[in-house]
Amino acid sequence: MNMQLTAHNRQRIEDYALIGDMQTAALVGRNGSVEWLCLPRFDSPAAFAELLGTQENGSWRISPAVPDGASAPPADRRWYRGGTPVVESQWDTATGTVRVLDFMPPREGHGPQVIRIIEGVTGAVQMASTLAPRFGYGRTTPWIYQQGARTAAVCGPDALWLDTTVPGAQKNGAVTHAFTVTAGSCVTFALSWQPSHACAGPGVPDAHDALAQTTAFWEKWVQQLTYEGPFREAVVRSLITLKALTYAPTGAMVAAPTTSLPEEIGGVRNWDYRACWLRDASVTLSALLRTGYRDEAVAWRRWLLRTLGGDPENLQIMYRLDGERELPERELEWLSGYEHSTPVRIGNGAVQQLQMDVPGEVIETLVLAHEHGVARCESTEGLILKLVDYVGRHWREPDDGIWEVRGGRRHFTHSKIMCWVAVDRTVRLVQQGVLHADLDALTRLRSEIHTEVCEQAYDPVRNTFTQSYGSQELDASLLLLPRTGFLPADDPRVIGTVDAVRRELATKDGLVHRYPTVGRREGVDGLPGDEGSFLLCSFWLVDALALTGRLSEAESLFERLLALRSDLGLLAEEYDPAAGRQLGNFPQAYSMLALVDSAVLLHERRRATVAAVPVMAA
């Protein structure tokens with residue numbers, strides 16, 4: 001293996017495929033290299049971290065053999081196998097064609113496994129596998145040894161076991177295999193993790209049985225889908241990705257399986273997204289509920305009740321996957337960053353922020369779950385009442401806002417509107433007889449918040465709501481106005497706000513920035529530099545256009561956004577329209593769920609439009 005430092009990571013963010021087992025996930029590059037994998041959980045230290053550094057930080061590459069020191073070629077074609085996260089990559093070489101299948105079986109009585117099946121399609125192709133794990137986020141080389149036909153790599157608490165039928169060798173902390181596949185032949189590799197203190201190695205996986213079981217699991221899950229509208233393939237791939245980002249043991253959901261993929265190449269806006277944000281998880285569940293998936297809502301509700309306990313007063317915006325509250329932020333100085341974008345961070349200091357929109361998102365999702373037939377739960381009803389009481393006592397306070405800015409607290413308009421949502425949805429439940437509370441007091445509180453927002457956050461000269469009280473700046477979160485029901489979608493103030501955001505924060509192609517950053521040393525977020533357009537916000541514009549009566553424009557924008565997906569249908573957090581590439585952590589749950597929500601909304605609006613057209617008499 002050539003272990004020399006590479007100048008920078010040569011694969012774009014969208015060149016990676018996601019494989020996962022609903023407890024962790026790996027990113028596999030187009031060149032056949034696993035360059036990111038945390039074990040045994042999404043938020044564990046990475047054993048392969050080349051994504052954020054160099055080859056010296058760990059990877060596992062399987063591809064057609066190349067001369068020593070040369071880069072592995074990218075696959076000529078790749079695709080996901082049906083409705084699964086099993087990725088197939090195919091190379092056409094001068095001597096034949098070869099296919100590699102990569103996947104992680106759902107855990108049933110075993111620990112995390114990465115299985116790679118190499119199939120000869122035509123001719124004969126010389127292949128090479130180089131496994132170089134580096135534990136502790138690419139920092140530590142393991143002790144590698146043979147135990148019979150198996151290879152073990154051990155370091156600290158971690159042990160990896162490699163099983164294959166082809167002979168290998170080890171050198172410089174790497175295990176290499178050279179072999180040839182011919183048409184109709186097959187070679188398998190299985191990599192299993194277990195705690196290093198276990199007395200014996202894990203069981204040897206049967207690669208083909210694991211493939212069959214993995215395929216069956218995902219195809220059965222997809223069959224629950226109730227959405228039958230346009231762009232179904234895009235919706236299915238998004239939902240599979242969202243399910244893959246769910247931590248099965250607890251029901252929590254990670255915002256993304258990665259950390260520190262930059263929002264600006266070479267910039268400092270690099271954050272760890274391997275935690276469960278209440279906001280992100282809530283909105284993800286809304287997308288799942290609207291498309292037929294209720295089990296995930298039940299599991300998340302249980303996680304939420306366990307995590308918050310009886311103390312919503314100390315509500316955090318995010319938690320670890322097991323409900324742990326501590327997520328200390330620190331920098332990994334030994335990693336050079338994706339394309340030299342530093343610092344590389346783990347943990348997230350925003351955990352201590354006050355974000356007053358979160359109770360609204362949580363309550364709205366719990367209400368939506370109730371409306372979609374998730375059984376009533378006395379503990380849930382008690383939590384809603386505690387959350388709305390918290391809102392009533394704190395809604396007047398400035399907060400850090402939905403974007404987790406580090407430039408000081410403000411009276412953010414979106415936060416105030418979501419406080420209104422928290423109360424409004426609670427009022428709805430009381431009126432339905434689901435909850436028992438002082439309806440008059442809640443109605444007065446709802447009216448009080450509404451009146452203040454309309455007085456303090458609206459600019460009558462420009463006919464738009466603004467980012468915060470007294471601010472002249474706009475914010476993409478204002479696009480949610482028509483969807484929240486805070487004002488009717490045909491209210492001139494709503495239409496004016498949508499138009500203003502479109503005019504001041506969107507590109508000519510409809511890609512929306514969260515708020516102004518260009519040309520500012522430090523803006524509202526307290527950070528230097530710029531960032532890409534935010535894909536979530538761009539889908540919000542789709543929704544806002546549809547709800548304000550501009551359905552054709554909304555559909556056109558939606559199709560343009562679909563074209564930004566990777567060849568595998570995945571989206572990162574942001575997009576750089578100048579460079580034509582994705583930015584930020586990948587794949588991003590918020591972007592994928594926004595795609596689903598927009599598809600469902602557009603389908604509903606188009607059906608309503610068609611139904612409203614009078615039938616002409618013959």
Side-chain angles (χ1 to χ4, degrees), residues 279 282-283 286 355-361 363-365 367-368 391 395 399 401-403 410-425 427-428 446-506 510 512-516 524 534-551 553-554 557-558 590 593-594 597-598 600-602 604-605:
R279 176 192 305 110
S282 297
V283 185
S286 73
Q355 296 178 18
M356 286 301 300
D357 63 304
V358 172
E361 273 110 9
I363 290 175
E364 185 163 36
T365 299
V367 171
L368 187 66
V391 169
W395 74 271
D399 75 334
I402 183 175
W403 306 127
R410 300 185 182 190
H411 291 283
F412 285 102
T413 304
H414 172 262
S415 297
K416 305 296 186 186
I417 290 173
M418 291 309 298
C419 287
W420 177 89
V421 167
V423 182
D424 178 75
R425 303 315 189 253
V427 165
R428 182 191 304 175
R446 181 177 63 176
S447 177
E448 190 177 353
I449 298 172
H450 195 280
T451 299
E452 180 176 297
V453 171
C454 290
E455 290 177 351
Q456 300 294 326
Y458 176 68
D459 181 348
V461 176
R462 297 158 65 202
N463 186 30
T464 181
F465 285 89
T466 58
Q467 183 181 60
S468 59
Y469 288 2
S471 170
Q472 292 296 305
E473 294 179 338
L474 299 181
D475 191 297
S477 62
L478 298 170
L479 292 170
L480 292 171
L481 262 170
R483 197 145 199 181
T484 62
F486 182 81
L487 288 170
D490 59 357
D491 189 293
R493 292 168 292 181
V494 172
I495 296 172
T497 300
V498 173
D499 289 343
V501 171
R502 193 181 188 187
R503 182 174 60 249
E504 298 187 25
L505 293 181
V512 181
H513 291 267
R514 295 187 293 177
Y515 45 78
V524 64
F534 219 72
L535 291 168
L536 168 68
C537 301
S538 304
F539 284 110
W540 284 349
L541 179 56
V542 170
D543 300 346
L545 290 172
L547 290 168
T548 54
R550 291 167 279 189
L551 184 56
E553 292 180 61
L557 175 55
F558 183 74
Y590 234 152
L593 72 89
D597 273 347
S598 291
V600 172
L601 175 64
L602 291 176
E604 291 173 348
R605 302 296 289 185

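- Residues passing the side-chain contact (heavy atoms from CB on, under 4.5 Å) test with Ala500 are Thr464, Leu474, Arg503, sequence neighbours excluded.
- Every residue meeting the side-chain hydrogen bond (donor to acceptor under 3.5 Å, both in side chains) condition with Glu504, not counting sequence neighbours, appears here in chain and number order: Arg462.
- Annotation: side chain of Glu553 is in contact with side chain of Arg502 (closest heavy-atom distance under 4.5 Å).
- A 4.5 Å side-chain heavy-atom check between Val391 and Val423 finds at least one atom pair inside the cut-off.
- Phe534 is linked by a ring pair (Phe, Tyr, Trp, His ring centres under 6.0 Å) to Trp403, counting only residues two or more places apart in sequence or in another chain.
- With respect to the salt-bridge test (charged N to carboxylate O, under 4.0 angstrom), the residues Arg550 and Asp499 qualify.
- Distance check, rounded to the nearest 0.5 Å: OG1 of Thr451 to CH2 of Trp420 gives 12.0 Å.
- Scored by the side-chain hydrogen bond (donor to acceptor under 3.5 Å, both in side chains) test, Ser598 finds Asp543 as partners (sequence neighbours excluded).
- Taking OG of Ser471 as the start and CZ of Arg410 as the end, the distance is 6.0 Å to the nearest 0.5 Å.
- Summarising the geometry, atom CG belonging to Leu487 is positioned 5.0 Å from atom SG belonging to Cys454; distances are rounded to the nearest 0.5 Å.
- The side-chain hydrogen bond (donor to acceptor under 3.5 Å, both in side chains) search around Asp490 returns none, not counting sequence neighbours.
- Scanning all heavy atoms of the two residues, the minimum distance from Ala489 to Ile495 falls at O-CG1, 3.8 Å.
- For Ser538 (side chain) and Val512 (main-chain N/O), a donor-acceptor pair under 3.5 Å exists by modelled atom type.
- Scanning all heavy atoms of the two residues, the minimum distance from Ala544 to Val498 falls at CB-CG2, 3.9 Å.
- Between Gln472 and Thr466 there is no side-chain heavy-atom pair separated by less than 4.5 Å.
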Quiz prompt | Evaluation steps, side chain to side chain contact (heavy atoms under 4.5 Å, CB included), between Arg428 and Val367 | solution = CA-CA 9 Å; Arg428 182 191 304 175; Val367 171; 4.0 Å; yes
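- Using a 3.5 Å distance cut-off with no hydrogens or angles, the side chains of Ser415 and Asp399 do pair a donor with an acceptor.
- Between atom CG of residue Asp475 and atom OH of residue Tyr515 there is a gap of 8.5 Å, rounded to the nearest 0.5 Å.
- For Asp597, the side-chain contact (heavy atoms from CB on, under 4.5 Å) partners are Val283, Ser286, Ala287, Arg290, Arg483, Leu593, not counting sequence neighbours.
- Scored by the side-chain contact (heavy atoms from CB on, under 4.5 Å) test, Leu480 finds His414, Thr484, Trp540 as partners (sequence neighbours excluded).
- By the side-chain contact (heavy atoms from CB on, under 4.5 Å) test, Ala457 pairs with Thr413, Val453, Phe465, Tyr469, sequence neighbours left out.
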Practice problem: Could you walk me through whether Phe412 and Met356 pass side chain to side chain contact (heavy atoms under 4.5 Å, CB included), step by step? | Solution: CA-CA 9 Å; Phe412 285 102; Met356 286 301 300; over 6 Å; no
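- Nearest heavy atoms, Ala554 versus Leu602: CB-CD2, 3.8 Å.
- Nearest heavy atoms, Ile402 versus Gln355: O-OE1, 4.3 Å.
- Atoms CD1 and OG, on Ile417 and Ser477 in that order, are 7.5 Å from each other to the nearest 0.5 Å.
- Between Glu473 atom CD and Leu505 atom CG the span is 9.0 Å, to the nearest 0.5 Å.
- Applying the salt bridge (Lys or Arg N to Asp or Glu O under 4.0 Å) rule to Arg279 yields the partners Asp357, Glu361; only residues at least two apart in sequence or on another chain are considered.
- Taking each heavy atom of Gly360 and Val421 in turn, the nearest pair found is O-CG1, 4.1 Å.
- Taking the side-chain hydrogen bond (donor to acceptor under 3.5 Å, both in side chains) definition, one finds that His411 meets it with Lys416, sequence neighbours left out.
- Contact between Gly510 and Leu541 at its shortest, heavy atoms only, is O-CD2, 3.9 Å.
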